[in-house]
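Working notes, beginning with the structure itself.
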Amino acid sequence: MRQYVVVACSAAVALAVNIAMDLSTDVPMLLRWAVVIGIAMVVTVLLSRWTAERTQRASAAPGESPEPLS
């Protein structure tokens, strides 16, 4: 289920950034989409790491510290 949330948030960020850049700048569409895809990829990586860390902490036994992600 968490993969769907990450993908939906990344798509929403991409759409919002694209609309904001379209309305506020005269950047060509290809360059605009390159920027949007880069930002969406950063959001995807950050949300994936955050949800993985939360899942790992939740599955750790009480009193034990979870191992760091590699």
Side-chain angles (χ1 to χ4, degrees):
M1 175 81 173
R2 73 178 173 90
Q3 293 89 0
Y4 297 121
V5 174
V6 170
V7 171
C9 289
S10 298
V13 166
L15 180 63
V17 171
N18 188 28
I19 290 171
M21 285 183 71
D22 186 35
L23 295 175
S24 64
T25 65
D26 287 334
V27 176
M29 187 174 63
L30 185 61
L31 181 59
R32 188 173 70 223
W33 272 106
V35 170
V36 167
I37 289 170
I39 291 171
M41 291 301 293
V42 169
V43 169
T44 302
V45 168
L46 293 176
L47 286 175
S48 295
R49 286 184 182 174
W50 181 63
T51 56
E53 288 173 3
R54 285 186 52 155
T55 302
Q56 188 177 12
R57 275 185 289 184
S59 65
E64 293 182 17
S65 62
E67 296 178 18
L69 293 175
S70 12

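Under the 4.5 Å side-chain heavy-atom criterion for Ile, Leu, Val, Met, Phe, Trp and Tyr, L30 and V36 are members of distinct hydrophobic clusters.
Annotation: side chain of V5 is not in contact with side chain of T51 (no heavy-atom distance under 4.5 Å).
The two residues M21 and V35 have their closest heavy-atom pair at SD-CG1, 3.8 Å. Shown here for V6 and S48, the closest heavy-atom pair between the two residues is CG1-OG, 3.7 Å.
Remark: L23 CG is packed, more than 12 non-hydrogen atoms of other residues, nucleotides or ligands lying under 6.0 Å away.
Rounding to the nearest 0.5 angstrom, the gap separating the CD1 atom in I19 from the CG atom in L15 is 4.0 Å.
For residues 7-18, there are no salt bridge (Lys or Arg N to Asp or Glu O under 4.0 Å) pairs, not counting sequence neighbours.
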In a table with atom names and distances, give each donor-acceptor pair under 3.5 Å that connects a side chain of residues 39-46 to protein atoms at least two apart or in another chain.
residue : atom : partner : partner atom : Å
T44     : OG1  : S10     : OG           : 2.6
T44     : OG1  : A40     : O            : 2.8

